[in-house]
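The structure under discussion appears below in the form of structure tokens.
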There are 2 protein chains.
Amino acid sequence: MRDGGYTIRTMAARCGMTTHTLRYYERVGLIQPVGRARNGHRRYSDADEAWLNFLHCMRDTNMPIREMQRYAALREDGDDSSLDGRKILEDHRATIAAQIVALEKAHALLNHKIENYRKIEERIRVPRPMREAAEGRTLATAG
Amino acid sequence: MRDGGYTIRTMAARCGMTTHTLRYYERVGLIQPVGRARNGHRRYSDADEAWLNFLHCMRDTNMPIREMQRYAALREDGDDSSLDGRKILEDHRATIAAQIVALEKAHALLNHKIENYRKIEERIRVPRPMREAAEGRTLATAG
DNA sequence: CCTTGACTTGAAGCGCGCTCAAGGGAGTAG
DNA sequence: CTACTCCCTTGAGCGCGCTTCAAGTCAAGG
């Protein structure tokens with residue numbers, strides 16, 4: 001039984017979710033009731049895929065389900081020029097920017113800490129009581 | 001009763017957590033049992049603050065409590081040159097890098113979508129059935 | 001003495017985002 | 001026919017990271 005469109009498994013694979021998640025998203029209104037084959041099985045369209053990819057991208061960046069529901073509801077009302085919809089996206093963009101800042105701060109901090117590990121390790125591998133020894137001709141003695 | 005060190009309230013304020021969270025972190029071993037005043041109340045040191053700030057930074061970047069526990073345990077063993085400790089940090093640094101990639105992708109996507117909203121809105125504010133009208137002399141007619 | 005307020009403890013509760021279990025049906029191969 | 005695979009639905013369960021509750025202790029102030 002074909003009835004054009006992707007099965008739930010296929011769709012799950014294509015957009016990196018589980019079938020459970022796809023049904024869940026439909027249940028909570030993140031996607032409109034999806035088309036069905038004659039046997040009642042779901043059949044996803046390319047439009048569904050695009051929307052799911054968008055949802056995935058938003059979830060990946062920690063947009064709460066509630067917000068996504070609000071946005072999805074507006075979209076379903078065909079409210080294409082909605083100020084509310086725009087505001088939701090702008091707000092999320094702002095939280096993304098904040099997240100990036102936090103992540104970059106942490107990244108720098110970790111670079112620093114890891115560099116310390118490296119230095120300690122080096123001091124253990126090549127113990128050098130003398131200060132000046134490590135300056136120039138370290139690699140030459142590796143073999 | 002003073003007994004040098006910060007109270008739990010003060011410490012919570014200083015590092016942007018709640019007192020509940022501080023006790024919780026202590027309970028689950030993220031921080032070693034903290035010093036006490038004579039009346040049994042906790043007293044936090046500057047070293048505690050530094051460590052808590054580090055934990056906060058890691059949590060802000062979605063490091064799981066479990067991982068932080070592993071790292072804290074190594075630290076408590078005084079294992080300052082631990083390969084495991086280094087690996088934990090390097091792994092987290094990698095997930096941070098991945099998160100940044102996802103966030104930047106989403107950010108770009110949102111820029112694009114929001115720009116579309118802007119265009120739609122403009123078309124509503126200044127309806128222009130003629131195609132060529134928007135090309136050159138739009139601003140001139142603003143007043 | 002009594003109240004107030006900041007602290008203590010252990011245990012229970014909660015919101016989020018899935019995730020899984022149970023029970024059933026339809027289509028296909030052997 | 002049986003067996004297998006894939007799907008369906010409803011409803012419960014789970015892991016995480018706190019958060020709140022209940023009950024108690026201690027010290028200072030009126």
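Heavy-atom basis, side chains included; hydrogens, waters and symmetry copies ignored.
Using a 4.5 Å heavy-atom cutoff, the side chains of Leu52(A) and Ile31(A) are in contact.
Atom NE2 of His56(B) and atom C1' of dG17(D) are 13 Å apart (whole Å). Going from atom CD of Glu26(B) over to atom P of dT19(D) covers 17 Å, rounded to whole Å. In this entry the distance linking CG of Leu22(A) with P of dC20(C) reads 14 Å, nearest Å. Rounded to an integer number of Å, the gap from NE2 of His20(B) to P of dG10(C) is 16 Å. Summarising the geometry, the separation between OH on Tyr24(B) and C1' on dG10(C) is reported as 15 Å, rounded to the nearest angstrom.
Tyr6(A) and Asp46(A) form a side-chain donor-acceptor contact under 3.5 Å, judged by distance and modelled atom types alone.
Close to dC18(D), at under 4.0 Å from its OP1 or OP2, lies a side-chain N or O of Tyr25(B).
With sequence neighbours left out, the side-chain contact (heavy atoms from CB on, under 4.5 Å) criterion links Arg70(A) to Glu67(A), Ile88(A). Every residue meeting the ring pair (Phe, Tyr, Trp, His ring centres under 6.0 Å) condition with Tyr71(A), not counting sequence neighbours, appears here in chain and number order: Phe54(A). Shown here are the side-chain contact (heavy atoms from CB on, under 4.5 Å) partners of Ala12(A), two or more places apart in sequence or in another chain: Thr19(A), Leu22(A). Under the side-chain contact (heavy atoms from CB on, under 4.5 Å) criterion, Arg42(B) pairs with Ile8(B), Arg23(B), Glu26(B), Val34(B), Arg36(B), Tyr44(B), sequence neighbours left out.
For the residue pair Tyr117(A) and Ser82(B), the shortest heavy atom distance occurs at CE2-O, 3.4 Å. Nearest heavy-atom pair, Ala106(B) versus Met58(A), reported as atom, atom and distance to 0.1 Å: CB-CE, 4.2 Å. Between Arg43(B) and Gly5(B), the closest heavy-atom pair is CD-O, 3.8 Å.
Listed by first and then second residue, the ring pair (Phe, Tyr, Trp, His ring centres under 6.0 Å) pairs that reach into residues 22-42 of chain A come to none, sequence neighbours excluded. Evaluation of the salt bridge (Lys or Arg N to Asp or Glu O under 4.0 Å) test over residues 51-63 of chain B, restricted to residues two or more places apart or in two chains, returns none. Among residues at least two apart or in separate chains, side-chain hydrogen bond (donor to acceptor under 3.5 Å, both in side chains) pairs with a member in residues 88-105 of chain A are Thr61(A)-His92(A), Asn62(A)-Gln99(A), Arg86(A)-Glu90(A), Lys87(A)-Asp91(A), His92(A)-Thr95(A), Arg93(A)-Asn111(B). Applying the salt bridge (Lys or Arg N to Asp or Glu O under 4.0 Å) test to residues at least two apart or on different chains, the pairs with a partner in residues 6-20 of chain A are Arg14(A)-Glu49(A).
Listed by residue number, the members of residues 88-101 of chain B with any heavy atom below 4.0 angstrom from DNA chain C form an empty set. For the contact set between residues 57-70 of chain B and DNA chain D, defined by any heavy atom under 4.0 Å, the members are Arg59(B), Pro64(B), Ile65(B), Arg66(B).
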>> Protein within reach of the bases, or only the backbone? For nucleotides 1-13 of chain D, mark each nucleotide 5' to 3' as B, S or -, using heavy atoms under 4.0 Å.
In response: -----SSSB----

> Once Watson-Crick and G-U wobble pairs under 3.5 Å are found, how is DNA chain C written in dot-bracket notation, 5' to 3', with | for any base paired to another strand?
Replying inline: ||||||||||||||||||||||||||||||

